[in-house]
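The structure under discussion appears below in the form of structure tokens.
Chain letters run A, B, ... following the sequence lines, proteins first, then strands; residues in each count from 1.
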Number of protein chains: 2
Amino acid sequence: MSLMNDNIVLAIVDDHPIVIEGLKTLLKEEPQIAIAGSFTRGKDFMDFLQHNRVDLVLLDIMLPDTSGMDLCRDIKKLSPDTVVLALSNHTERSIILQILQNGASGYLVKNVSSTELLNCLKEALKGEIAFSKEVKEIITRPAQHEFKQVPTLTKREKQILQLVSQGKTTPVMAQELNVSPLTIETHRRNLLQKFDVKNVAELIMAAVQHKMITGY
Amino acid sequence: MSLMNDNIVLAIVDDHPIVIEGLKTLLKEEPQIAIAGSFTRGKDFMDFLQHNRVDLVLLDIMLPDTSGMDLCRDIKKLSPDTVVLALSNHTERSIILQILQNGASGYLVKNVSSTELLNCLKEALKGEIAFSKEVKEIITRPAQHEFKQVPTLTKREKQILQLVSQGKTTPVMAQELNVSPLTIETHRRNLLQKFDVKNVAELIMAAVQHKMITGY
DNA sequence: TTTTATCTACTGGTTTCCCGGTATTTTTGA
DNA sequence: TCAAAAATACCGGGAAACCAGTAGATAAAA
């Protein structure tokens with residue numbers, strides 16, 4: 001963790017140039033903060049991080065190439081001392097908690113004020129978990145269906161889930177993936193178990209609610 | 001419509017301070033553009049518009065107080081010559097078309113580059129409809145499910161659909177509704193037919209896409 | 001009042017799903 | 001390199017879903 005009297009090296013990862021510009025402008029006021037760079041793609045930032053010190057990352061969790069979730073985990077793996085602050089417009093509790101699970105030190109919705117932003121930065125750098133005002137409310141007021149935590153699926157399971165949501169039957173999927181229908185059945189069974197549901201109807205609903213299938 | 005050699009008076013309505021800051025920074029480069037003000041609430045802007053000339057508004061259609069849709073219509077009613085450019089992250093065709101219907105001269109997703117932004121501003125001021133690149137693609141490539149019209153369900157069918165989405169099986173539903181399971185089967189069959197799908201998985205997906213079951 | 005839509009119910013049959021186990025191989029992480 | 005996780009595969013059996021067709025009862029609209 002960087003000391004507060006030291007210069008803080010900050011990076012921005014966001015696919016919105018406007019947002020990057022806004023953050024830069026707001027943070028330029030702070031003499032302690034040095035903006036090392038801004039990136040519109042996760043991969044570019046990872047390349048940068050390989051060769052440069054970064055104390056804090058403002059990370060949009062909705063990126064075009066990688067999922068911000070995965071990126072967050074990758075960042076903490078490569079550079080555990082880098083503090084990640086998630087920045088997003090998502091106001092769903094499950095998503096917020098998920099990103100924290102993946103190593104982020106806080107979560108800000110994009111409508112934060114500049115003072116709020118700076119406060120959160122400081123808190124995060126002190127090693128605390130930082131939330132913007134709106135996020136705090138979301139955290140403390142959970143919805144019913146959010147009590148069950150989001151099951152973590154394997155790659156294959158995600159794939160099967162996707163295919164099931166497209167109406168594909170077990171034999172069809174087996175043929176498409178070149179595996180035994182019995183294997184598919186096992187995956188299905190595990191999906192039902194993980195989501196704690198009895199049948200596909202419930203499965204799809206649960207997956208939709210957790211935004212694990214988009215449908216478009 | 002303001003002349004191009006004249007100074008352009010621009011306003012920003014967005015509840016994200018970061019975005020406002022970013023837009024200001026990007027537009028500060030342009031000497032022709034004078035930023036009259038920025039607003040985080042629709043009402044504030046309407047008050048401003050009452051007493052000031054505004055040539056162009058960059059309007060976030062997702063605002064906390066008013067719907068951006070309504071605000072757009074209000075703006076055009078009060079000041080028909082003011083060009084409204086919608087600014088949003090929504091990528092649904094229906095929403096884009098709806099805002100145009102309400103008098104906007106264009107639609108930009110927030111991940112536009114600065115050059116794209118300026119181009120769109122100029123186009124809009126010339127009286128043309130301006131879209132950012134991504135939006136153009138959305139307009140020209142409508143999603144599959146937008147073609148098939150929403151099937152009209154009978155009262156009973158809606159009820160069955162709801163129960164199916166809750167994971168209820170045919171015999172369970174039959175008991176709950178005090179009818180023969182064979183009757184339920186018929187309703188199910190009709191639902192599959194109306195939605196033009198093969199099984200429950202597809203049925204639920206279709207229903208969700210058409211927002212016919214909420215699940216919450 | 002007569003048509004039309006909806007809800008109801010049946011026969012008989014095929015396919016798919018779901019449940020309970022178990023177990024080998026491959027991949028991955030510590 | 002060793003253990004855990006994931007992907008693969010099997011058995012047997014019961015339940016539920018889906019298909020194709022028909023049809024009476026009732027309620028609403030023309």
Treat primed atoms plus P, OP1 and OP2 as sugar-phosphate and everything else as base, then score nucleotides 13-30 of chain C 5' to 3': B for base contact with protein heavy atoms under 4.0 Å, S for sugar-phosphate contact only, - for none.
---SBBBBB---------
Please name all residues satisfying salt bridge (Lys or Arg N to Asp or Glu O under 4.0 Å) with A:Arg156, sequence neighbours left out, ordered by chain then number.
none
Return the set of residues passing salt bridge (Lys or Arg N to Asp or Glu O under 4.0 Å) with B:Lys198 (not counting sequence neighbours), or none when no residue passes.
B:Glu202
Taking side chain to side chain contact (heavy atoms under 4.5 Å, CB included) as the test, write out the residues that go with [X], two or more places apart.
X        : value
A:Ser38  : A:Ile12, A:Ile20, A:Lys24
B:Leu191 : B:Leu153, B:Glu157, B:Ile160, B:Leu161, B:Phe195, B:Leu203
B:Lys168 : B:Leu163, B:Gln166, B:Val172, B:Met173, B:Glu176
B:Gln101 : none

First of B:Thr154 and B:Leu182 reached from the 5' end of DNA chain C, by closest nucleotide
B:Thr154
Can you pull the salt bridge (charged side-chain N to carboxylate O under 4.0 Å, His left out) pairs that have at least one residue in residues 97-109 of chain B, sequence neighbours excluded?
none
Ring pair (Phe, Tyr, Trp, His ring centres under 6.0 Å) filter on A:Phe45, not counting sequence neighbours, yields A:Phe39
Hey, are B:Tyr107 and B:Ser88 close enough side-chain-wise for a donor-acceptor pair under 3.5 Å?
yes
To 10°, what angle do the rotation axes through the five end pairs on each side of the helix from C:dT2-D:dA29 to C:dA30-D:dT1 form?
70°
Could you pull out all residues at least two apart from B:Ser165 that satisfy side chain to side chain donor-acceptor pair (under 3.5 Å)?
none
Under 4.0 Å from a heavy atom of chain B: give me the 5'-most and 3'-most nucleotides of DNA chain D that qualify.
D:dA16 to D:dG21
